Amino acid sequence: MTDCIFCKIVNGEIPAEVVYNGTNVTAFRDINPVAPVHILIVPSRHIDDIRDPRAFEDDVLKEMIQVANQVADMEGVAESGYRLLVNYGPDANLVVPHLHLHLIGGRPLGPMVTRQA
Ligand code: AMP
Ligand code: ZN
């Protein structure tokens, strides 16, 4: 996709701190991290989001999770723990329409979702 920011990162057209560069999957540091470790794991070819049928072809999601675990090892958070999450739609605040898995760790993350007051 020509106008997709994550496609541009995968293709090296805009800078990012890439930590894993594979044929099918790429991982890079989030530009606005919420924790000491915050890495985005993306398919190297464009897939819109978690509801895109292409996400279920070629074991791409499986490989994304395998890469996430491998990056967690590299980042030293395998023992302390980490969170993998995917946003979809406005209530979840999906911003970038290129499928991505957030790998977040390096500090206690607290409850998964803050309860409403
Ligand atoms: P989401 O809300 O799930 O769509 O998350 C998108 C994430 O992409 C956010 O955490 C942003 O900080 C991150 N992001 C946006 N632009 C860039 C960029 N150029 N490089 C790295 N991360 C980015
Ligand atoms: Zn894309």
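Heads up: numbering here begins at 1 and tracks the sequence. From a predicted model like this one, the values you see are computed outputs, not experimental measurements.
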Contacts under 3.5 angstrom, residues 57-67 side chains, donor-acceptor by atom type, not counting sequence neighbours:
{"unit_1": "Glu57", "atom_1": "OE1", "unit_2": "Arg45", "atom_2": "NH2", "d": "3.1"}
{"unit_1": "Glu63", "atom_1": "OE1", "unit_2": "Asn24", "atom_2": "ND2", "d": "3.1"}

Is there side-chain contact between Val37 and Ile104, with heavy atoms separated by less than 4.5 Å? no
All pairs passing ring-ring contact (aromatic ring centres under 6.0 Å, His included) where residues 17-42 contributes a residue, at least two apart: Phe6-Phe28, His38-His102
Step by step, would you call Ile5 with Ile14 a side chain to side chain contact (heavy atoms under 4.5 Å, CB included)? CA-CA 8 Å; Ile5 189 167; Ile14 61 169; 3.4 Å; yes
Shortest non-hydrogen pair, Ala55 vs Ile47, comes out as N-CG2, 3.9 Å
What are the two closest heavy atoms between Gly105 and Val77, and how far apart are they? C-CG1, 4.3 Å
For a quick test of your reading: what N or O donor-acceptor pairs under 3.5 Å do the side chains of residues 81-100 make, sequence neighbours left out?
{"unit_1": "Tyr82", "atom_1": "OH", "unit_2": "Asn69", "atom_2": "OD1", "d": "2.6"}
{"unit_1": "Arg83", "atom_1": "NH2", "unit_2": "Gly110", "atom_2": "O", "d": "2.8"}
{"unit_1": "His98", "atom_1": "ND1", "unit_2": "His46", "atom_2": "ND1", "d": "3.3"}
{"unit_1": "His98", "atom_1": "NE2", "unit_2": "Pro43", "atom_2": "O", "d": "2.9"}
{"unit_1": "His100", "atom_1": "ND1", "unit_2": "His98", "atom_2": "O", "d": "2.6"}

Among residues two or more places apart or on two chains, list those pairs meeting salt bridge (Lys or Arg N to Asp or Glu O under 4.0 Å) that have a residue in residues 19-36. Glu17-Arg29, Arg29-Glu75
Test side chain to side chain donor-acceptor pair (under 3.5 Å) applied to Asp52 - qualifying residues, sequence neighbours left out: Arg54
Say whether Val19 and Val42 are linked into one hydrophobic cluster, either directly or through other cluster members, by side-chain heavy-atom distances under 4.5 angstrom. no
With respect to Ser44, which candidate in Asn11, Thr26, Thr23, Asn21 satisfies the side chain to side chain donor-acceptor pair (under 3.5 Å) definition? Thr26
Can you run down the salt bridge (Lys or Arg N to Asp or Glu O under 4.0 Å) pairs that involve residues 98-107, sequence neighbours left out, and say none if there aren't any? none
Non-hydrogen side-chain atoms of Leu40 and Leu101 separated by less than 4.5 Å: no
Residues Gly106 and Pro36: closest non-hydrogen pair is O-CG, 3.5 Å
Around Glu13, counting heavy atoms of other residues, nucleotides and ligands shown, do more than 12 lie under 6.0 Å from its CD? yes
